[in-house]
Every structure is written in C-alpha cells, then in structure tokens.
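Just below is one structure, and these are the notes that go with it.
Reminder, nothing fancy here: chain letters follow the sequence lines and each chain counts from 1. What you see below is based on every heavy atom in this structure, not just the backbone, and it leaves out hydrogens, waters and symmetry mates.
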Amino acid sequence: MLDKALIREHPDVLRASLRRRGQDSGAVDGFLKLDERWRAAVTEIDRLKAERNAISAEFARAKSAGSDDALASLRSRSSELGAQIEKRQREAEAFDHDATELLAGLPNILAEDVPDGLDASANRELRRHGEPPRFSFEPKPHWEIGERLGILDFERGVRLARSRFVVLAGAGARLNRALIDFFLQRNVASGFTEIMPPLLVNRETVEATGHLSKFSDVMFSVEDGALFLSPTSEVQLVNLHRGEILAEDALPKLYTAYTPCFREEAGAAGKDTRGLIRQHQFEKVELVGLSTAAGAREVHERITALAENLLQALELPYRLVLLCAGDTGFASRKTYDLEVWLPGQNAYREISSCSDCGDFQARRAHIRYRPAPKLRPEFAHTQNGSALAVGRTIVAILENYQQADGSVRIPSVLVPFMDGQTHIL
RNA sequence: GGAGAGAUGGGUGAGUUGGCUGAAACCGGCGGUUUGCUAAACCGUUAUAGUGCUAUAAAGGUGCUAUCGAGGGUUCGAAUCCCUCUCUCUCCGCCA
C-alpha cells in the first residue's frame, strides 16, 4: 500500500509511475478528492468530540455540586453532539472506505532504474551465464524424460487430485528433496534463518502482502474463506513481524523457508498445460529480507546473487533480466527475474523472481523499525526472491542434463545430496 | 470436542460501587548527577496512530481525537456494565 501523504504531496510522481506501467491514473484524482473530504469530516468529528469530552468533564463537576438543571442541560447538549458525531462519522467512514479501496488498488511506485516498456519484450537482459548445452540428438521435453524414467507421474497426479497435480516417484522424489536440502543449506550458510511456517494463513496475513486485489483468483481457500493455502512463503515470511517495531540493529532480518505453495491460478488456464512448469501445488525455497530503507538495495542484490549462485552451482545456463515497468509486479518497485535455459522449450524460462518492494508491503503489514531510540518508527523495506523454485529446477535438470540413452546425469554439486547417485537411469 | 479461568503500555502487574486513568507501581530502555573505571545509588525521561495549526534545509513544536484482545451495545460519559467473536491458560476426551 502506498503512503497517503506521498500521494497528497507528490501526486505527479505516482501518475508518472502509473503511466510507465501502462495504467490509468484516474484513481489518483479520485483518491485525492475522497481523501480531502475524509479529512474535513475527521477534523469536524474531532472538534465535536472535544466539545463532548469537555461537557463530560463538566458533568462530573456539576454532579458533585448537585445542580439538577445544569445536569439536564448538559445531558441534552451532549446527546445532540452525539447524534451529530454519529452522522458525520458515517460520512467519514464512507469516504475512507472508498479512498482506501482506490489506494489499495494502486501498485507500488517504480524504482528509477526500471526500464520503460509495457510487456516482457522490453525487459532488459543484464547478463547471461553458461552456454546452452549442445545435443547430438533431439532434446526431449522434461515430461517425456520424466515419464520414461518413471519419476514424474502426471496421470496418477490427476487420479489423486485433479489436473495440474503430479506425483514424483523414486529418484524424482529424491531429487526434489535433494534440491530442497541443497538450497536451504546454501541459504542458511549465507546468513538466512530457516523457517517452517504454517501453510494455511488467515485473511489479514494474505492482505498484508498486497495480494489482496487478486487473491481470490490465485488462492485456494478453506473454512469458508477464513484460511487460505499460501501461494508463496513470501506471504508467511513477510508477515512474521507484522505489527512489530523492530530495533534498527536487528535489521536486516533474513529468512529462508521451504514450503509447498498452492495456486488456483484461475486466470492461467491453458498456459503451460503440459509438465511441471505450472502446477496447483509446487515446492519452493524462498528468501525474504526485512531491512531499513538504506539497506534495501543491498539486501535485494544479495538475494538475487544468492539465487544466481545456486544456478551456477548446478551448472545451469541462465540469464538475469531486469523487468520493465509494465512487467513489474504490483507490490514491487524493482524486480529481477532469473531465467533458466530449457532445451525442451528452446527458451529461457523464469525460475526465480527477486523483488524489492520498498515499504509497500511493510506499510500495510505495519512492520516498522526505530532508527534510533526516541525517534519515530519508520516502515521497514521488504525484499523477496525464490532460491529457487524446486519444480522448475527439476525441469531444468532433466532437460539440460539429459543423455542420448534417455538417462539424466545429476549435477555434481547435488550428488552428495543424492547419496552418491550420479545418474537417473 | 466438553468444563472452567483469563486477555491492560517493551516486560511484570494495579485498576471492575462507570466520571481529570493514556492509564499506578515495579522491571527494563534512554538521558543526567555521583565515580579513577565498573557496579550501586539518586534525579529525569520513556506507547502508537490519525488529523488541525505552526515551523524548517531536514528534524520538529503545539492543539484535538482515537486506542486497555477484536467488533457491537447500554450511557451525557466505558479499561470498568451487557452481547458476539478471537486468542491464551488449566482439567478431561481424542489424536500424528
């Protein structure tokens, strides 16, 4: 959520940012108008309440003086004020409700170094690492490799749940676990604290990270919408300190978590229907940072570098992309995507997305820090990134490490995590 | 799931015949005095948010309002009374 004061004082900054995202800026003027009315109403309400409070104090005095006439007149004056307050309060609530709705729909203000552009074609490739492998045969897509090896079973996934659920078997399940273990070990070694959070989260938790406007499309819910299956552990990790005021020297807080993630993705029907790329349930190891304003950039870069190092260690070819304005997510002010090379698709595909959300999430989640004792608390900044998406890493390994005979070599860094197994045959 | 008890500021914990109680006291934190240093002692200070006015290069100052788990109600007035919900604790049951 954006800062009201920022919109009041610098609406042009916001309009410019919206324009860069290719969005209409009409909501800004709507907000400003409602906000002004709301403030006028609140000022009036506060004045009326002050008057009523004064009468209350006088009432106590008049009572001990025993003047019945005075009491009666005070009582009726106070009742009058009460009625006025109630009326004004209803107005104020309506203004506030509408203004907040508009405010909640406004995306984060983009960082200055986010390139212009409205879609993925304008994303800026910053660097490539590794060479796409050359095959002496026609490389197969991962679902063919996995099914042939008996480690990916899409049919039985459907039998147990429905479409877009999968069963990993044997070395496939083992590879999944090895990757989780490997990722977590590296992340913890880099100073991130491992967390095992609840997988079901309540409404406040979901709303705090700014997935509000679209969450009904993305998330599975249970208990009549009281709880949601988390779509990413970013949600839980950011909410860990919701409502808290942290000491500055406690920052940055760095967290990593392995969790299954669940996405209904109502809007994504028809995309990536085959294989492991887009599943309703997927595994992910996530990184989240809570930092000061000054430390945000460093943590964002650190998260991105850590995710990159994982790909390098796995010897998977990838490229680092800085998302353009139109492709940058709602809560983010700047996002790097890591795209891994997939021979089966002959393309780079997203395997990690690392965002700096500024104070956008922290404002709604009320995560603050005190720059120094005595000073007013400020909103923390949040950063997040996948390190990495486990399912997509399996895809990348199967496709990049496939052999002519249909077997798959295990990246050497992973062999110890596979109890020495070097190939899936 | 059944029965009971409870929820107050960073912590512990007063306050329940409704009325200068945003809230005692203690601990902790911060500033200071004392001190060769440390400790101790003493003094002061110490919630958050919204909004008005004012000020600035910034910080800020000042007024008002709100907040004693959350929401609603009674009342001229609620931390205090009533209702609903949530959570915590104890006992019983069940269970990986």
Side-chain angles (χ1 to χ4, degrees), chain A residues 1-10 31-100 102-104 196 198-208 222-228 239-251 253 260 292-294 359 362-380:
Chain A
M1 190 165 63
L2 291 170
D3 182 8
K4 285 183 186 181
L6 180 102
I7 305 178
R8 284 173 199 146
E9 288 159 30
H10 305 289
F31 170 82
L32 288 174
K33 190 174 268 181
L34 287 164
D35 180 59
E36 200 179 320
R37 288 185 189 161
W38 172 76
R39 279 189 291 161
V42 162
T43 304
E44 175 68 3
I45 288 166
D46 282 357
R47 196 189 61 72
L48 292 169
K49 280 185 175 173
E51 201 179 331
R52 186 176 64 178
N53 286 346
I55 289 173
S56 264
E58 212 175 313
F59 197 96
R61 282 195 297 274
K63 202 176 176 186
S64 56
S67 160
D68 287 350
D69 288 355
L71 286 179
S73 115
L74 287 170
R75 187 176 288 134
S76 74
R77 177 68 186 135
S78 184
S79 291
E80 242 171 72
L81 285 170
Q84 281 185 59
I85 288 168
E86 207 178 319
K87 181 174 159 240
R88 294 298 235 148
Q89 215 137 31
R90 271 197 297 272
E91 290 171 18
E93 270 164 30
F95 293 143
D96 184 47
H97 173 268
D98 293 351
T100 302
L102 288 176
L103 184 67
M196 180 64 221
L199 303 182
L200 277 81
V201 292
N202 58 34
R203 192 169 277 273
E204 293 98 308
T205 300
V206 168
E207 290 175 351
V222 296
E223 302 241 315
D224 285 330
L227 290 172
F228 299 87
N239 273 279
L240 236 31
H241 292 287
R242 189 175 74 221
E244 294 183 26
I245 300 176
L246 303 158
E248 186 184 27
D249 57 16
L251 299 177
K253 294 274 188 189
T292 61
D359 61 7
R363 179 170 294 104
R364 194 195 284 276
H366 288 289
I367 306 165
R368 292 171 290 178
Y369 67 97
R370 210 178 285 281
K374 303 277 185 191
L375 287 188
R376 297 175 69 81
E378 288 178 21
F379 288 112

Exercise for review: Using Watson-Crick or G-U wobble geometry with both distances below 3.5 Å, tell me the partner of G93(B), or none.
Suggested key: none
Review point. When you compare A59(B) with U12(B), how far apart are their P atoms, in angstrom units rounded to a whole number?
Key: 35 Å
Practice item. Just compare G19(B), A66(B), U48(B) and give me whichever is closest to any side-chain atom of Arg368(A). Key: U48(B)
Point to revise | Inter-nucleotide P distance (G69(B), G63(B)), Å rounded | key: 28 Å
Practice item. Please work out if Ala50(A) contacts a base, only the sugar-phosphate, or nothing of the nucleic acid, heavy-atom cut-off 4.0 Å. Key: sugar-phosphate
Check your understanding: Which nucleotide sits closest to the side chain of Arg370(A): G52(B), U65(B), A47(B)?
Key -> A47(B)
Check your understanding: Given that Ile245(A) and Arg75(A) both sit by RNA chain B, which one's nearest nucleotide is further toward the 5' end?
Key -> Ile245(A)
Practice item. Find out whether Glu36(A) and Phe95(A) are in side-chain contact, i.e. whether some heavy atom of one side chain is under 4.5 Å from a heavy atom of the other. Key: no
Review point. Taking atom P of U48(B) as reference, at what distance in whole Å does atom CZ of Phe379(A) sit?
Key: 13 Å
Exercise for review: Using the C1' atoms only, state how far U88(B) lies from G29(B), rounded to an integer number of Å.
Suggested key: 27 Å
Review point. Taking atom P in both G11(B) and C85(B), what distance in whole Å separates the two?
Key: 28 Å
Review point. What's the CD-C1' distance between Gln89(A) and G71(B), to the nearest Å?
Key: 15 Å
Revision key, fill the gap. From the candidates U48(B), G19(B), U51(B), the one with an atom nearest any side-chain atom of Phe59(A) is G19(B)
Exercise for review: Go through the N and O atoms of the side chain of Asp46(A) and the base of G52(B), and report whether any donor-acceptor pair is under 3.5 Å.
Suggested key: no
Point to revise | Asp3(A) CG to A49(B) P, straight-line distance once rounded to whole Å | key: 12 Å
**Study point:** Pro377(A) side-chain proximity, nearest of U65(B), G19(B), A49(B)
**Key:** A49(B)
Review point. Does a side-chain N or O from Asn53(A) land closer than 4.0 Å to OP1 or OP2 of G77(B), or not?
Key: no
Review point. Taking the same atom, C1', in G60(B) and in A7(B), what whole-Å distance lies between them?
Key: 37 Å
Check your understanding: Arg8(A) near the nucleic acid: base, sugar-phosphate alone, or nothing, with a heavy-atom cut-off under 4.0 Å?
Key -> sugar-phosphate
Study note, to complete from the structure: By the Watson-Crick or G-U definition, both distances under 3.5 Å, U88(B) is matched with A5(B)
**Study point:** Identity of whatever pairs with A24(B) - Watson-Crick or G-U, under 3.5 angstrom
**Key:** none
Practice item. Give none if C42(B) has no partner; otherwise give the nucleotide forming a Watson-Crick or G-U wobble pair with it, both distances under 3.5 Å. Key: G32(B)
Revision key, fill the gap. Rounded to whole Å, the CD-P distance (Glu44(A) to C53(B)) equals 14 Å
Check your understanding: Quantified in whole Å, what is the P atom distance between nucleotide G22(B) and nucleotide C30(B)?
Key -> 29 Å
Exercise for review: Take Leu34(A) and Trp38(A) through the test side chain to side chain contact (heavy atoms under 4.5 Å, CB included) and record every step on the way to the result.
Suggested key: CA-CA 6 Å; Leu34(A) 287 164; Trp38(A) 172 76; over 6 Å; no
Review point. For Arg39(A) and G50(B), is the shortest distance between a side-chain N/O and OP1 or OP2 below 4.0 Å?
Key: no
Point to revise | Minimum heavy-atom distance between Met1(A) and Arg363(A), given as atom pair plus value | key: O-NH1, 2.8 Å
Exercise for review: Decide side chain to side chain contact (heavy atoms under 4.5 Å, CB included) for Leu2(A) and Ile7(A); before the verdict, give the C-alpha distance in whole Å, the side-chain angles of both, and the deciding distance to 0.1 Å.
Suggested key: CA-CA 8 Å; Leu2(A) 291 170; Ile7(A) 305 178; 4.2 Å; yes
Study note, to complete from the structure: From CD of Glu378(A) across to P of G60(B) the rounded distance in Å is 10 Å
Practice item. Kindly give the heavy-atom pair with the smallest separation between Arg242(A) and Ala208(A), and that separation in Å. Key: CD-CB, 4.1 Å
Practice item. Counting Watson-Crick and G-U wobble pairs only, both distances under 3.5 Å, name the nucleotide matched with G63(B), or none. Key: U51(B)
Point to revise | Base-pairing mate for A79(B) - Watson-Crick or G-U, with both contacts under 3.5 Å | key: none
Check your understanding: What does A14(B) pair with, Watson-Crick or G-U, if both distances are under 3.5 Å?
Key -> none
**Study point:** Same-atom distance (C1') from C68(B) to U8(B), integer angstrom
**Key:** 4 Å
Point to revise | Nucleotide of G77(B), U51(B), U48(B) approaching Trp38(A) most closely (side-chain heavy atoms) | key: U51(B)
Review point. What heavy-atom pair brings Pro377(A) and Arg368(A) nearest, and what distance separates the two atoms?
Key: CB-CB, 4.0 Å
Point to revise | Nearest-angstrom distance, C1' atom, U45(B) to G9(B) | key: 15 Å
